[in-house]
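In what follows, a structure is listed as structure tokens, so that the remarks can point back to it.
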Amino acid sequence: MTSSTSPQLRIRAALASDVRSIQALREPSEGKVLLHHDLVGLFEKVQEFMVVEDQSGKLLAAGALHIMWEDLAEVRSIVVSTETRGQGVGLALVQALLVRAEELGVKRVFCLTFEVGFFAKLGFEEISDVPVDEATFAEMVRSNDDGVAEFLDLARVKQNTLGNTRMLKVL
């Protein structure tokens, strides 16, 4: 999938060769608003990422779409370079991830964020419950993924979620 935010920027699926640049974009925010991921973990998840690059091929932003269930995904690891923040790059990236979710047949997209206003502009709404039935919850709780645990509001990830807002968008 390729789309443009402007003639100078391109949004595309991440490549394995992008992973070190994604890690460099993430580093200033890790441990603050993003969970730390080892380089190997980013390589393992590269297929979930989309990136925004400028004309020279420099990565300006990255974000991932993680499928959680048959009708549910999470937008995660959204990061924008400091020099391009506030220019619509993150907005275009998340919109591209939402299009990808629709292409995959996902009906709902979750995020856990400090940026409530940003995601509200995209149609996400705050949630306080876990919007899945008991059978789905019983299956999802088996996941080892921290993002799924955060969605399920499990106690084992509470230290990661303090101050974050759980939000959901119906596509």
Side-chain angles (χ1 to χ4, degrees), residues 1-5 9-14 18 22 25-26 29-30 33-35 37 41-42 44-52 59-80 84-154 156-158 160-171:
M1 170 185 190
T2 300
S3 63
S4 295
T5 57
L9 301 179
R10 185 170 79 119
I11 300 174
R12 62 171 174 77
D18 295 322
I22 292 170
L25 281 172
R26 291 175 49 86
S29 299
E30 283 189 344
V33 295
L34 292 178
L35 294 176
H37 288 294
L42 291 173
E44 291 171 344
K45 295 175 177 77
V46 69
Q47 70 279 0
E48 295 183 357
F49 278 86
M50 295 187 79
V51 296
V52 180
L59 292 193
L60 304 175
L65 180 73
H66 180 77
I67 303 301
M68 299 169 73
W69 197 249
E70 64 190 318
D71 66 337
L72 181 66
E74 179 185 9
V75 170
R76 58 170 59 167
S77 295
I78 304 299
V79 62
V80 178
T84 57
R85 285 191 188 137
Q87 298 177 24
V89 174
L91 183 70
L93 175 62
V94 174
Q95 287 171 330
L97 290 166
L98 294 173
V99 167
R100 181 70 181 130
E102 287 179 325
E103 291 171 351
L104 291 170
V106 169
K107 305 290 185 227
R108 300 176 300 157
V109 178
F110 169 76
C111 71
L112 182 68
T113 186
F114 290 106
E115 302 295 335
V116 174
F118 172 82
F119 282 97
K121 286 183 212 173
L122 289 160
F124 284 78
E125 297 179 1
E126 291 185 38
I127 59 171
S128 58
D129 61 339
V130 178
V132 296
D133 60 47
E134 287 182 36
T136 302
F137 185 95
E139 287 295 324
M140 290 180 76
V141 78
R142 297 175 184 205
S143 174
N144 293 322
D145 185 272
D146 283 342
V148 173
E150 290 166 346
F151 172 76
L152 297 175
D153 206 22
L154 300 180
R156 73 176 174 87
V157 292
K158 288 293 184 193
N160 297 337
T161 62
L162 294 176
N164 283 320
T165 299
R166 301 168 73 246
M167 300 182 81
L168 190 72
K169 177 181 175 67
V170 176
L171 302 177

Hey, mind stepping through Asp146 and Arg76 against salt bridge (Lys or Arg N to Asp or Glu O under 4.0 Å) and telling me if it holds?
CA-CA 11 Å; Asp146 283 342; Arg76 58 170 59 167; over 6 Å; no
What verdict does the side chain to side chain contact (heavy atoms under 4.5 Å, CB included) test give for Leu152 and Val141, after you've listed the backbone C-alpha separation in whole Å, the side-chain angles of each residue and the deciding distance to 0.1 Å?
CA-CA 7 Å; Leu152 297 175; Val141 78; 4.2 Å; yes
Under the side chain to side chain contact (heavy atoms under 4.5 Å, CB included) criterion, do Val52 and Leu59 qualify, and how do the steps go?
CA-CA 6 Å; Val52 180; Leu59 292 193; over 6 Å; no
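Within the structure, every pair that satisfies the ring-ring contact (aromatic ring centres under 6.0 Å, His included) test and touches residues 88-113, not counting sequence neighbours, is listed here: Phe110-Phe151.
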Run the side-chain donor-acceptor check on residues 84-91: report pairs under 3.5 Å with partners two or more places apart or on a different chain.
residue : atom : partner : partner atom : Å
Thr84   : OG1  : Ser81   : O            : 3.3
Thr84   : OG1  : Ser81   : OG           : 2.7
Arg85   : NE   : Val80   : O            : 3.0
Arg85   : NH2  : Val80   : O            : 3.0
Gln87   : NE2  : Glu83   : O            : 3.1

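Ala14 pairs by the side chain to side chain contact (heavy atoms under 4.5 Å, CB included) definition with Asp18, Ile22, Val46, Phe49, Val51, not counting sequence neighbours. By the side-chain hydrogen bond (donor to acceptor under 3.5 Å, both in side chains) test, Thr136 is found to be paired with Asp133, residues two or more places apart in sequence or in another chain being considered. Taking the side chain to side chain contact (heavy atoms under 4.5 Å, CB included) definition, one finds that Glu126 meets it with Val116, Thr165, Met167, sequence neighbours left out. Qualifying salt bridge (charged side-chain N to carboxylate O under 4.0 Å, His left out) partners for Glu30, counting only residues two or more places apart in sequence or in other chains: Arg26. Considering only residues two or more places apart in sequence or on other chains, His66 meets the side-chain hydrogen bond (donor to acceptor under 3.5 Å, both in side chains) condition with Glu48. Residues satisfying the side chain to side chain contact (heavy atoms under 4.5 Å, CB included) criterion with Asp71, sequence neighbours excluded, are Trp69, Lys107, Arg108. Qualifying side-chain hydrogen bond (donor to acceptor under 3.5 Å, both in side chains) partners for Asp129, counting only residues two or more places apart in sequence or in other chains: none.
A distance of 11.5 Å separates OG of Ser29 from CG of Leu35, quoted to the nearest 0.5 Å. Between the NZ atom in Lys121 and the CD atom in Gln95 there is a gap of 11.0 Å [rounded to 0.5 Å]. In this structure, the separation between CG on Leu112 and CZ on Arg166 is 7.5 Å, given to the nearest 0.5 Å. To the nearest 0.5 Å, atoms CD1 (Ile78) and CG (Leu65) are separated by 9.0 Å. Rounded to the nearest 0.5 Å, atoms CD1 (Ile67) and CG (Leu104) are 5.0 Å apart. Note that CG of Leu72 is 7.0 Å distant from CG of Leu168, once rounded to the nearest 0.5 Å.
For Leu93 against Ala61, the heavy-atom pair with the smallest separation is CD2-CB, 4.0 Å. The minimum heavy-atom distance linking Glu74 with Cys111 is given by the pair CG-CA, 4.5 Å. When all heavy atoms are compared, the tightest approach of Leu171 to Ala101 is CD1-CB, 3.9 Å. Ala73 and Val106 make their closest contact through N-CG1, 3.7 Å (heavy atoms, listed as atom of the first residue, atom of the second, distance).
Leu60 places none of its side-chain heavy atoms less than 4.5 Å from the side chain of Arg10.
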